[in-house]
Engineer: 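For reference, the structure I am asking about is given below.
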Amino acid sequence: MSGIGIERRFEPRKTNNGDERRLAVDGEEEEEDDDGGNGKGLEAWERAYADERSWESLQEDESGLLRPIDSKTLHHAQYRRRLRSLYSSSTTSRIQKGLIRYLYIVIDLSRAAADMDFRPSRMVVVAKHAEVFIREFFDQNPLSHIGLVTIKDGVAQCLTDLGGSPEYHVKALMGKLECSGDSSLQNALDLVHGYLNQIPSYGHREVLILYSALSTCDPGDVMETIQKCKKSKIRCSVVGLSAEIYICKHLCEETGGSYTVALDESHFKELLLEHAPPPPAIAEFAVANLIKMGFPQRAAEGVVSICVCHKEAKVGGGYTCPRCKARVCELPTECGICGLTLVSSPHLARSYHHLFPITPFDEVPSSLLNNPQHRLPRFCFGCRQSLLHPGNKSSFRAACPKCNQHFCIDCDIYIHESLHNCPGCESLRHSKTPRFESHGTIFAALEVLNMQDLKRGVVSHMGCWALACTVFDSVLKFKILTD
Amino acid sequence: MAAGQVVMRAKYKTSVKDPGIPGVLKMTWDKFIFTPNDPRSSGKLDVGFKSIKGHMFSKEGSKKALLNLTQYQGGGYIFEFDKFPDRDVCRDFVGKVLGKLQSVVPSGQDAKVVSERSPATVQDEQLSPEEMERRIKLLRDASELQKLHKEFVITGILTEAEFWATRKKLLDVDGSKTSKQRVGFKSAMLADVRPLTDGRTNKVTFSLTPEIIHQIFAEKPAVHQAYLNFVPSKMSEKDFWTKYCRAEYLHRTKNAVAAAAEAAEDEELAVFLKDDDILAQEARQKIRRVDPTLDMEADEGDDYMHLLDHGILRDGIKETTDLQYELYKRTLSQDLNRHAAVVLEGRALEMELGDTRTVAEALARSKQAELATKISDENAYQERLERASRMTEIEDLQAPRTLPFAPLCIKDPREYFDSQQANALKALGDAVAGTRPMNCTLSTEEAYGSFRELISEMRAAGLSDPVVKPEVSLKVLNGLTQHLSSTKYNLGKSAQESVLDTLPKSTKEELLHHWTSIQELLKHFWSSYPITTSYLYDKVSRIKDAMSHIYPKLQEIKESVQSDFRHQVSLLVQPMLQALDAAFAHYDADLQKRSTRSGDRPNGFV
Amino acid sequence: MPQVKIIAKNFMDMVAALPALKLDMLYDNGFICEAVLRSLPPLAKKYVLQMLYIDNSIPAKSMEEWVLAEGLSKHKNAIDRLTQLRVFLETVDRKKETSYILNPKFQSNLRKYLMYGGVSPREPMPSSVTVRLPSLEDLEAYALEQWESFLLQLISPSQADKPTNFSSSVMKVFQRGLLSQRDKEAPRLTEKGFQFLLMDTNAQLWYIIREYISNSEDRGVDSADLISFLLELSFHVAGEAYNLNTLTEVQRNTFKDLADLGLVKLQQGRKESWFIPTKLATNLSVSLSDSSSRKQGFVVVETNFRTYAYSSSKLHCEILRLFSRVEYQLPNLIVGAITKESLYSAFQNGISSEQIISFLQQNAHPRVAERTPSVPENVTDQIRLWETDLNRVEMTPAHLYDEFPSKDVFEAACDYARDNGGLLWDDSKRMRLVVKAEIHMQMREYLRRQKQ
Amino acid sequence: MASIPSKLYSDDVSLLMLLLDTNPFLWTGANTTTTSLPFPGFLTHVLSFLNSILLLNQLNQVVVIATGVNSCDYIYDSSSSLQKTADSSENGRMPILCSRLLSKLEEFVIEDERLSKDDSPEGIVSSLLSGSLSLALCYIQRVFRSGPLHPQPRILCLQGSPDGPEQYVAIMNAIFSAQRSMVPIDSCVIGAQHSAFLQQASYITGGVYLKPQLPDGLFQYLSTVFATDLLSRNFLRLPKPVGVDFRASCFCHKKTIDMGYICSVCLSIFCKHHKKCSTCGSVFGQALGDTSSTDRKRKTPET
């Protein structure tokens, strides 16, 4: 069935013009192979200084003039889209996230990974960003584990098995960078499936495949493997570096993962990092459970003992496993002796923001911006940057639906990607109350009336009660009822 | 003495599957003899124990009572006994004998010896020789591992299996080379071999590798068939391939005329040139039930009436369509589809591609098998087909596959804080701290009012000069400095690294050794909780005893070292003792729990 | 550009070099205290701060308590600086325990500052009196123009359009070191001169001011006064008008010079006359780190070694000429090319490739400035390469010895030379060796001794 | 180019974000006894401290954010008030900084009062630390964006009021964000009791946590410890925070535990096994955790 791969070889699906370009580039590469150096009229030494595809940073404006793309706003637009898509599912109410993840990163090191459409080569780019990703991942999910698998010569190999230390993985990855042969989804999935099946049910099993190849050569029927993965609740996601491949798409759809194809390096990085925050837990997969964990105490000063991890005597520092009294060097980790998961309370705290995500900000409609009688705040509430362009025409601004404070682009991004709480809401005592209980009740109430569509209406202006009420007076009751 | 020899009725088998030859097994101190009941049978054995490396056997309760005597040079003798007791008698005897023999073998083999000598080797599966090899190798490489192994496995505290279970990783690592994954059929189109021409002479050379040949066979049944028929009976392998290549060449050069001509006078060649009728009929039946996911254009590409190549040209050379010779044409799309089909069958032979002949036959065999199965799993094929068709449906028409998310409602986020605060403050040593209510005697507006006054009066008055009294600030500075110097002392102590190196070598060694062994034991100890089976139960007790033996040893180390190191040593030993104590405590507690729980099968969670 | 730092330091060094008495006098002036404090290394600043309200002396030991092992050197040089500038007064008691106390004048001045804030040295004149005050921009432009014309006159008096009122003697003083004039022919820039031109304005200003101060005595001006006066000036608010009558006679004269440098603008009202400090003046006390002192860049360098300088200033043209071949000169654009020849001539004038590169980088046109690298790598690389080309041959004065009486004498001589690290080359076959000139004498001695 | 900025830009230039606790209940009424330093005195110390920071380097920048009970807001930014409009009235009587700050502070307090619910506060009144922290971080991000040459930012919390439990999550988020962008959070506790929040904040972000013994020596503390720029901190030993005990305590009994059960959904902590999570209401199977973790290791046969 993986023949789809093969067919695609001849008519790759165009996800977007990006791929067309890529194909074009491929063609160009081939020529290069023939005449040795790409004939852009640049001397070899000069090529390093000229930037690739400079024309792409130009766009035609309405008057047909070429002008540089305003990359900032573009980037922000993308970001907002992502945010939306992320929250679209969760707008109705807060949802569970897979906080304790067991993720296998599958890196395709087949022949295709040697392609040069990413500079210097796909493989290198993948490795580079994989490293970034791994660090980011552990920063965001301190309680989670990662394993690395590579595909090469049609065979999948386990590079590192599930573990919690970024350095360990990164080192292993950088050690193993050469590519050859075909790639095989099936083998990879089988291998990973074997490992992930042993993971306790509360853990969220995930596979992230960084796929360079345009085909997969499998010993058997991938479809069955995919079904197998689906059965054992493994969420498979793929980030492609070439054209979109049907089989990958299918895989992701079946297992509830996401499939994306990178246009260029920056885009690839973006797509990759989208997998760092914990994914929403799928109802049928989610299994609540109590996990036994230890909160080891710092070993007192002057206590000498041999640590399990390095087997050398350490004075002071380190932590002692509360159950078996073994000494470990850093947290979080799994006790080498009794296998108890050891964490410190801040590690838990790190994940709390996933439980209380902040709603995306609404873009302030331009109509509001330039009608004079509307007095809009002149500064970004967060960073005090002026929201007015030099030409005194107001620039983009986002408003928090709860506290209605206005923020500049950068704060908007920073707040949602790193800070995870809205300065406006945090610095207004009374905006706090609705944040936790009230919505719940309102929606409960709406459920009673089963006014689904109406519910959506409220949600869209969550927090800004005034609006909600004006829209539906029926809601008004509940609002009163909740305050 | 009775133990001098053992005679037992048993079956001798070459492999576990084989039914075996019934007979009598007689073991003496130096050799064992097997005499079949049926004198005519070839199964007579007379082997000296010297050549026997070790022995393995099926575990109690498995369907067969087996004993396998493995030889140093691979392979081994498998005996099946009627009942386990008999087997055990032999097993123990063999154990003794080997033990005696190998106690005299040079220590070089020590590792492999011990690996087998353990009295209670419970194997849940017959270990393959190479698995054995790997373990032995590991032991030889890692002296420490070997020490542990000696210490525990031989003394019977741990069983072979247990010992290795914790080291699966080690085994896998070098096991990974022999990975069980099968490689898919190469997707590269090796089958159409490109001729290489050297400029001067007008001679072209084709180079065929076994792999290529394999693919050719797989993709061109006719060629395959021909090979089986002709070689070597009718022609040598060499000229078979030369013919084939010649045909290929004709195709490549696209002169159907020549092809026709040649075909006329040489019927073998014709085989290659003509269209593959096996394929043709395969294609026909395929058209009946097209697997839409796989096929670019099953209806057209495979049916031979159709010729225009969908504009895809091999090597971009325009083909001159000449109807009368069209018989001798293969279109690229046909090749592609055929190739795709083969790849998708994804059947790679489980044999290294060496001799062409064998490859051909193997292929043939697998073909047969396939045909056999084909009929059987018709229905399986059907459902697979319909799944496929579901997949190929246009996405827009499909229902969105978004799965519902699990909702989450947190009652009160304060909880999270409270779980922190209490002890965080305790660390700072003021117990009263935390949420001590500020006794605000005045109402909000009062408070704000007076606050504002303070500010405004300050605006009027300006800063009070001097900001801080010299004596106070001096006191503060000194205070801080003292605090620093006090902490500095602590830091200084911790600075000196790795206490171990300060100790005399012997002590260090000893300590480390004990440490490792303790680690080993503890690992097993904890991993066997919760105790769910009686097996685990006695394992734990075994380990516990072992640990209680180590305990005093640690103590005496402490005494033994001379006074100047005593402090460090005791410091080092302390954690180990603690660890042991923890284990013991846990053990007792668990015992308690289970004893209180009435007789039912113990599975207490700890 | 290393020189910049050195020169900047020199200024404070000059302060430090002043005799204790004068120093303490200087510290009567709050602004000096402020300026000095700012010029201190970070650690020193902190020390001053924590001593601010302490009257007793603090033992050196207790200060070291705070220092980590890796910080000791920093600590040392901080303390040295402080004692050098007499900010810390060192006292050694009978137990040889050194301890420090903050210079009381310094202390009280800073305390005052914290209490009552920075008081501007003199009241600006009410706008009612002052007419047509220039806007800050105009002032900026004025200052720059003044400064450039001064520079131009400095380096090539011939081109100077309007003469300054600097006495030619003073001018000479400035030119000392920058220009070298052989009799009869036009003066040409020295190595230092070229480097001077490539520095940024602030550095140049420091240089001139330093010269100005150092020869103040000859003009019968007390250098200490001058320093304090200049520093004080730097604490005025740029763009405000201050009455000239508040100045002493000496200071007024000084101002004429400063006006030429573009530090102040003098204006004549109906009856009052006043001066307006420019940014250059207010930057005086500022350590060189002030980014605001960096002016707009104007040079664009392309990968094809062409330079486009969007400037109408003669000075810029002159500077560009130093290392590039100027091809066209449009009203506001100077097009040039960096060629091997032009660079060689620059190198011969003692300009280093680094200086050229950093000049190009610092004066990069804003459009290219945000791009990294602001100057194409291939250009910078090439410039460096060309420089290294020149350094392929390096000269070491040496002496050749030959006609040794015997092999072993020769060998011995070689060894001796080698041991003294002076052996450059030897040819055992023909028994010749070359040694560095510096050990020539010893060598001779040695050989002579061998003779006997 | 890399080398050039470092040359032109001395590396001790710092941006100090001061979070000023303006909780009226802290400074007025009976509580003045608890913080044995009256507000004016306190403010004098702080203001002269700020002034001295500005004195150290003309590029130093100080931003003051008021942490109120009902709101937070910027009350001073030295960069915005750079052009010294010579309001000569103040000139010489007190630093311009102070006059500006004070007037803004007054406005802020009035606004803060307006926002307050009129009923007099129940028991404990905390100030919105989470808010001011978030603001500070946003500002710092802006400084980071401003280009390669930016002052080294750090945050100093002058906190007196007790921690507000409802802010916990928000504050933690802020702390981690600060840690990620390597912004140390210094904390100087002027209240009666220690603050768990700030203790963690300083510990995690590598800042200094200090609770002055002698409140009326505040300036000395500030100038000796908190005035140290980040560069110099590499060479100096500043008072170490007491090692924080990172053990948690369970939600159910609030008692410190060193082994417990974590809800896999909401990460709430329990000292013993429950059927149902009291926080997120999800229902559990039997406790896994240690079994599961060992199951993966244990391959031993079980007859």
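As the structure is a prediction and not an experimental result, all values here were calculated from the model. Reminder, nothing fancy here: chain letters follow the sequence lines and each chain counts from 1.
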Engineer: Taking side chain as C-beta onward, heavy atoms only, is D/Asn23 less than 4.5 Å from B/Phe451?
Structural biologist: no
Engineer: Taking B/Arg452 for the side chain and D/Ile110 for the main chain, is one N or O donor matched with an acceptor at less than 3.5 Å?
Structural biologist: no
Engineer: D/Leu102 versus B/Ile455: any side-chain heavy-atom pair under 4.5 Å?
Structural biologist: yes
Engineer: Between D/Gln220 and B/Leu474, is there a side-chain heavy-atom distance shorter than 4.5 Å?
Structural biologist: no
Engineer: Is any side-chain heavy atom of B/Met458 less than 4.5 Å from a side-chain heavy atom of D/Leu105?
Structural biologist: no
Engineer: Rounded to the nearest 0.5 Å, how far apart are CG of B/Leu480 and CG of D/Leu210?
Structural biologist: 6.5 Å
Engineer: Using non-hydrogen atoms and a 4.5 Å limit, figure out which bit of B/Glu453 sits close to chain D: side chain, backbone, both or neither.
Structural biologist: neither
Engineer: Does any heavy atom of chain B fall under 4.5 Å from the side chain of D/Ser223, the backbone, both, or neither of them?
Structural biologist: neither
Engineer: What part of D/Tyr221 gets within 4.5 angstrom of chain B, counting heavy atoms only: side chain, backbone, both, or neither?
Structural biologist: both
Engineer: Between D/Leu218 and chain B, with a heavy-atom cut-off of 4.5 Å, which part of the residue counts as in contact: side chain, backbone, both or neither?
Structural biologist: neither
Engineer: Let me confirm one number: the CG-NZ distance from D/Asp216 to B/Lys475, rounded to the nearest 0.5 Å.
Structural biologist: 7.5 Å
Engineer: Take a 6.0 Å sphere around OH of B/Tyr587 and say whether it holds more than 12 heavy atoms from other residues, nucleotides or ligands.
Structural biologist: yes
Engineer: Is B/Leu477 close to chain D through its backbone or its side chain, or both, or neither, when contacts mean heavy atoms under 4.5 Å?
Structural biologist: both
